[in-house]
Each structure stands twice: as C-alpha cells, then as structure tokens.
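For reference, the structure discussed in these notes is given below.
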Amino acid sequence: MSLIFRLAGNRLGQGHRLLFQDSSRLLNYVRPVTIKCTPAVAPLNESHDERNLRLNRPQSPHLTIYKFELPAILSISHRFTGLILTAYTVALSAAAIYLDCPLEFYIEKLKSAEIGAGPIYGLKFLLAFPLTYHFWNGIRHLLWDTGRFMTIKEVYITGWAMFAVTIVTAAILSGMS
C-alpha cells in the first residue's frame, strides 16, 4: 500500500512525505467507489443466432462478400481431390477384402451389361480426373517449393496450364481400354 501512495505522490510531483502529513490532499486524488450487490440472473438458454436476433444484431455476410479467385478455387479443389482419392483407396481396399470374386470379374460384368461407350467414357473420366488433377497440381506445388512461379501472374498462368493438362491427361486415360 505504501508503494501505491509513494508512486501516486511522485506522479503528482509531490514527495510521499507530504501525502502522509496532510491526508486532505490525498483525498483529493482518491475516487470513491460503492459496490451495489444484485442477485445473479440465470442466463437464457438460447443459441448464438437466437441471441443475435433478440439483440437485433446484423448477421455477418461470411462467404458471400468474397470473390473466389483462381488460386483459392484450385487450392480447395486440390484438397477435395485428395479426399476423393482417399475414398477410392478405402473403397477398393474394402472391395478387395470383402467381395467374393476378384475385381476383374466385376469389370467383365460391367462390360457385358452393354452400356454405351459414352457413359463408360464419362465414368472413366470421372474416375481419372481427381487423380490427374491432384497429380499435376502436386507437381505445381513442388515447383512452388523451389521458389519458382510465385508471382501473381505466374500463379494464374500455371493454374490454367495445370487445369488444361489435367483435362487432356484425364481424357487420354479415359480413352484407354
């Protein structure tokens, strides 16, 4: 407590002895405080959104205020294709373990169903696209790790080039038997 009075006296340009000798000066610098006790009010059982509606608070615009640029879209889709490839791996592994016949048997059944060439090509493209996209975008990220193609213009150029190479590669893989 004496440290507080000493610091207060030094701050006001007076020595600490003057403060203790004349207590009326000290009262000029002390602010009176009164505490009023009130019973605690139980919080309302409402969600965050309900509370904001009750208080008439505006809702944050969230994602609708952003313009999705190419780098953001390519980054998000790279993550999604990784998830799709993981799902392929899990599904094929489960099929290898739990199916009665080998996978070739089911491929032959699909061929004998005489589905047209167009739907088969589309199905193959849907299976090949995540693989080729993730592969070529991964190569692009490896080039970034070496410090290349890091300007905004180069990021856009490599993004569009990667997407074009992905489409061509997926189309070539889909045309194979």
Side-chain angles (χ1 to χ4, degrees), residues 1-13 19 25-95 97-98 119 122-171 173-174:
M1 189 71 165
S2 65
L3 178 63
I4 293 172
F5 288 132
R6 191 176 310 127
L7 291 174
N10 289 338
R11 183 128 202 211
L12 297 173
L19 286 176
R25 278 191 193 176
L26 181 62
L27 293 177
N28 290 334
Y29 300 109
V30 175
R31 185 174 52 158
V33 177
T34 55
I35 298 174
K36 181 180 177 184
C37 296
T38 57
V41 178
L44 297 173
N45 190 14
E46 60 187 355
S47 70
H48 176 74
D49 291 337
E50 290 169 344
R51 180 170 187 233
N52 283 341
L53 284 173
R54 181 176 52 83
L55 296 173
N56 293 325
R57 292 179 178 164
Q59 186 170 356
S60 176
H62 193 49
L63 292 176
T64 59
I65 65 171
Y66 296 108
K67 178 184 175 192
F68 281 102
E69 299 288 338
L70 181 68
I73 293 170
L74 295 179
S75 175
I76 292 167
S77 56
H78 184 77
R79 294 162 198 248
F80 279 127
T81 55
L83 289 172
I84 291 169
L85 292 174
T86 302
Y88 286 173
T89 304
V90 170
L92 290 173
S93 300
I97 292 171
Y98 294 112
L123 182 63
K124 285 181 178 180
F125 187 84
L126 286 175
L127 292 173
F129 181 79
L131 175 68
T132 57
Y133 182 90
H134 202 78
F135 175 78
W136 291 116
N137 204 28
I139 298 295
R140 183 170 165 243
H141 279 266
L142 288 174
L143 289 172
W144 285 353
D145 289 343
T146 64
R148 296 184 192 132
F149 309 116
M150 296 299 289
T151 66
I152 294 296
K153 183 178 180 181
E154 292 171 336
V155 166
Y156 275 85
I157 290 171
T158 58
W160 285 113
M162 179 275 310
F163 193 71
V165 170
T166 296
I167 296 291
V168 170
T169 309
L173 287 175
S174 301

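FYI, the numbering just counts along the sequence from 1. Everything numeric here is computed off the predicted structure, so don't read it as measured data.
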If we ignore hydrogens and angles and just use 3.5 Å, is the side chain of W136 paired with the main-chain N or O of F163 as donor and acceptor?
no
Main-chain N/O of P71 paired to S75 side chain as donor or acceptor, under 3.5 Å:
no
Not counting sequence neighbours, which residues clear side chain to side chain contact (heavy atoms under 4.5 Å, CB included) with K153? List them please.
T151, I157
Contact summary for A170 and F125, nearest pair of heavy atoms
CB-CE1, 3.5 Å
Just jot down the ring pair (Phe, Tyr, Trp, His ring centres under 6.0 Å) partners of H78, sequence neighbours excluded, or say none.
H134, H141
All side chain to side chain contact (heavy atoms under 4.5 Å, CB included) counterparts of L173, not counting sequence neighbours:
A128, T132, T169, M176
Once rounded to the nearest 0.5 Å, what's the spacing between atom OG1 of T166 and atom CE of M162?
5.0 Å
Once rounded to the nearest 0.5 Å, what's the spacing between atom CD1 of I84 and atom OG of S77?
9.5 Å
Flag yes if more than 12 heavy atoms outside W160 fall under 6.0 Å of its CH2 atom; otherwise flag no.
no
What's the separation between atom CD in E154 and atom CG in L143, rounded to the nearest 0.5 Å?
11.0 Å
To the nearest 0.5 Å, atom CZ of F68 lies from atom CG of L70 at 13.0 Å
Report the residues that fulfil side chain to side chain contact (heavy atoms under 4.5 Å, CB included) with F135, sequence neighbours left out, ordered by chain and then residue number.
I139
Donor-acceptor pairs under 3.5 angstrom involving side-chain atoms of residues 87-94: please list them, not counting sequence neighbours.
residue	atom	partner	partner atom	Å
Y88	OH	L126	O	3.2
T89	OG1	L85	O	3.0
S93	OG	T89	O	2.7

How far does CG of N137 sit from CG of L142, to the nearest 0.5 angstrom?
10.0 Å
Would you confirm whether R140, through its side chain, and V155, through its main-chain N or O, come within 3.5 Å as a donor-acceptor pair?
yes
Please name all residues satisfying salt bridge (charged side-chain N to carboxylate O under 4.0 Å, His left out) with E46, sequence neighbours left out, ordered by chain then number.
R54
